[in-house]
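Here, residue 1 is the first one in the sequence, and each next residue gets the next number.
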Amino acid sequence: MNYEPVIGLEIHAQLLTDSKIFCGCSTRFGAPPNTQVCPVCLGLPGALPVLNHRAVELAIRAAHALDCTVHPSSVFARKNYFYPDLPKGYQISQYDQPLATAGVVEYQAEKATRRVRILRLHLEEDAGKSLHEGFSDSDRSTYLDYNRSGVPLVEIVTQPDLRSAAQAGEFFGRLRAILVAIGVNDGNMEEGSLRCDANVSVRPEGASDFGTKTEVKNLNSFRHVQRALEYEIERQTGLVGRGERVTQETRLWDVAAGRTVSMRSKEEAHDYRYFPEPDLPALQIDPVWIAEIRAALPELPEARRRRLIAQYGLPEYDAALLTQSWALAAYFELAAEAAGNPKAASNWIMGELSRKMNEAGIDVDRVPLSPYALGGLIRLIDSGTISGPIAKTVFEHMWASGRPADEIVADEGLAVIGDEASVEAAVREVLAAHAQAVAQYRAGKQQTFGFLVGQVMKATKGKANPVLVNTLMRRILDSAS
């Protein structure tokens, strides 16, 4: 019997606010432990929460981007559980009256339209962080850092619409791109500002009933989401196939071992003893403000992808890669306009520019090469002023110095040798120096032609016009054969 997985995701995204959701403490990442705390986020007796207006605005923006219905009235609730990094003994979240519900994310994948429904989006506070390593006594002690306690989050819960680990990983990436594009989240999964829990079960293909699900916690990369789900699907399929039962539980992904491990039994809503937060009134939002936030939304990644294909004639592959980052797509559009050659701009950005960014460990906002400068380089190539190989040399100079391409070409004497007499002289010198290759070509070994052209380009340090080299080489060789 064949089985299919049924997957739903719960994504926790920290909001890009300067202060925490219920107090004025900083949300800056990387501060010394327990230096960004106060009586409110430590849950000290008598301390009262005050809701962060900016957090509400960003949450509404995220809800609109996911096509959710934003409710003018919602209620905060206490989610009661005990854990060392939760100083109050409860988390202020939302339960039966969340901020937003009933959204959908549509996108193109594998030449088909995928549609993942959003069950709900709600506001809540983050917990602190338990530190299990990095100390001399980490083998027997756990340290607690409460800097993260009270950082504003939105939790985004999908319907169980995903049917493979690959689909789940891809959707997580699409969602990240949306949140980053609208300025709600920085997308930095290594720092924990975007995390994912995955609920997964298996059932016989064609069945309508759900199987028993497990939850895999705190997956902070696309790769971990996919690998953890692949393992869990295989584990559950094996259990069901042998007639054994899947236990409803929470599991952790062990990266080193490449497997999930049991953490605890899976809680149900009643285990958390939700009740309305007594220290916060119901959240009442002016419908006019809700509409204003929706009207101010920037272009979303999927809409931009479709526009890049239509407006610039880009292949699906290029458009998908460029729109993974709002800043990268913006860079491309400026470079394409400056170059007058969108496909060449896309090639350079996905190729040389991305390579240098990876080497330097920076994103496109910090590259030392403006999109207008890259466009200028492409224009020199298209005009025949420089060759492709020389262009890569010029690009390296531009990256290192910030100088424009035309200035580097002029100062370094890198312009293409385009006059026929000079190129012909170089061709004849190469032919004279490689008589054996010439004889082989004239005997029918066509492969030697490429070798001879390469020798001309080498002799001219890549500056000879390659089209002219090919034409003259062919003419001279064929005329004497």
Side-chain angles (χ1 to χ4, degrees), residues 10-45 47 79-93 124-153 155 185-198 214-228 231-232 249-267 272 358-363:
E10 300 173 9
I11 293 97
H12 296 83
Q14 291 183 355
L15 300 175
L16 288 174
T17 58
D18 293 328
S19 58
K20 295 183 181 180
I21 189 168
F22 299 123
C23 66
C25 293
S26 172
T27 58
R28 182 175 62 87
F29 180 83
N34 299 310
T35 58
Q36 296 177 170
V37 293
C38 73
V40 174
C41 54
L42 287 177
L44 299 185
K79 180 180 182 180
N80 296 276
Y81 65 97
F82 297 97
Y83 209 70
D85 58 19
L86 194 68
K88 294 193 292 286
Y90 62 86
Q91 177 190 36
I92 300 178
S93 182
E124 63 185 23
E125 61 181 341
D126 210 342
K129 190 171 184 180
S130 298
L131 306 175
H132 303 291
E133 54 187 33
F135 301 93
S136 59
D137 57 348
S138 290
D139 59 332
R140 59 188 183 278
S141 300
T142 292
Y143 289 78
L144 299 171
D145 179 8
Y146 290 113
N147 282 349
R148 196 176 70 180
S149 179
V151 169
L153 295 175
E155 180 174 347
N185 179 269
D186 64 10
N188 194 325
M189 291 181 282
E190 291 182 356
E191 294 180 359
S193 61
L194 186 66
R195 310 187 293 274
C196 178
D197 300 338
T214 60
E215 180 182 35
V216 186
K217 296 285 287 185
N218 290 335
L219 303 168
N220 64 350
S221 77
F222 309 132
R223 185 165 177 264
H224 289 172
V225 169
Q226 185 164 339
R227 289 190 62 207
Y231 176 89
E232 189 60 17
E249 61 183 347
T250 297
R251 301 178 69 86
L252 289 177
W253 172 240
D254 185 328
V255 177
R259 62 190 180 94
T260 63
V261 293
S262 181
M263 179 184 180
R264 59 175 181 261
S265 61
K266 172 63 178 166
E267 297 90 346
Y272 292 115
N358 290 335
E359 288 177 359
I362 61 175
D363 57 32

Checklist line | Pairing residues for F222 by the ring-ring contact (aromatic ring centres under 6.0 Å, His included) criterion, not counting sequence neighbours | finding: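 With neighbours one apart ignored, the set is F172.
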Notebook entry, point to check: Less than 4.0 Å between a side-chain N and a carboxylate O, is that true for E215 and R251?
Noted result: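 No salt bridge links R251 with E215.
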Quick one: [atom1] on [X] to [atom2] on [Y], what's the gap to the nearest 0.5 Å?
X	Y	atom1	atom2	value
L15	I21	CG	CD1	7.0 Å
Y146	S130	OH	OG	7.5 Å
N80	Q91	CG	CD	10.5 Å
Y272	K79	OH	NZ	4.5 Å
Q36	S19	CD	OG	11.0 Å

Would you find a donor on one side and an acceptor on the other, under 3.5 Å apart, between the side chain of [X] and the backbone of [Y]?
X	Y	result
T142	L131	no
D186	L194	no
S141	S138	no

Notebook entry, point to check: Can you pull the salt bridge (Lys or Arg N to Asp or Glu O under 4.0 Å) pairs that have at least one residue in residues 124-140, sequence neighbours excluded?
Noted result: K88-E125, D126-R148, D126-R195
Margin query: With no hydrogens and no angle check, just 3.5 Å: does a side-chain donor-acceptor pair link E249 and S262?
Written below: yes
Nearest heavy atoms of [X] and [Y], plus distance in Å:
X	Y	result
T260	A228	CG2-O, 4.0 Å
P87	C41	CG-O, 3.5 Å
V255	R227	O-NH1, 4.4 Å
P32	N147	O-ND2, 2.8 Å
L86	A127	CD1-CB, 4.2 Å
P84	L144	O-CD1, 3.5 Å

Next item on the list: Under the side-chain contact (heavy atoms from CB on, under 4.5 Å) rule, what do E155 and I11 come out as? Steps first, then yes or no, please.
Entry: CA-CA 6 Å; E155 180 174 347; I11 293 97; over 6 Å; no
Item checked: Residues H12, D197; criterion side-chain contact (heavy atoms from CB on, under 4.5 Å); working and verdict -> CA-CA 8 Å; H12 296 83; D197 300 338; 3.5 Å; yes
Notebook entry, point to check: Is there side-chain contact between Y81 and Y90, with at least one heavy-atom pair below 4.5 Å?
Noted result: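 No, their side chains stay 4.5 Å or more apart.
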Note to self: Do Q14 and N185 have side chains that approach each other closer than 4.5 Å (heavy atoms only, starting at C-beta)?
What the structure shows: yes
Notebook entry, point to check: Excluding sequence neighbours, so at least two apart, what forms side chain to side chain contact (heavy atoms under 4.5 Å, CB included) with E359?
Noted result: R355, K356
Notebook entry, point to check: What do the steps show when you test R259 against D254 for salt bridge (charged side-chain N to carboxylate O under 4.0 Å, His left out), and what is the final call?
Noted result: CA-CA 5 Å; R259 62 190 180 94; D254 185 328; 5.1 Å; no
Next item on the list: Tell me, with the steps shown, if S149 and L42 meet side-chain contact (heavy atoms from CB on, under 4.5 Å).
Entry: CA-CA 7 Å; S149 179; L42 287 177; over 6 Å; no
Notebook entry, point to check: CG of N34: more than 12 outside heavy atoms within 6.0 angstrom?
Noted result: yes
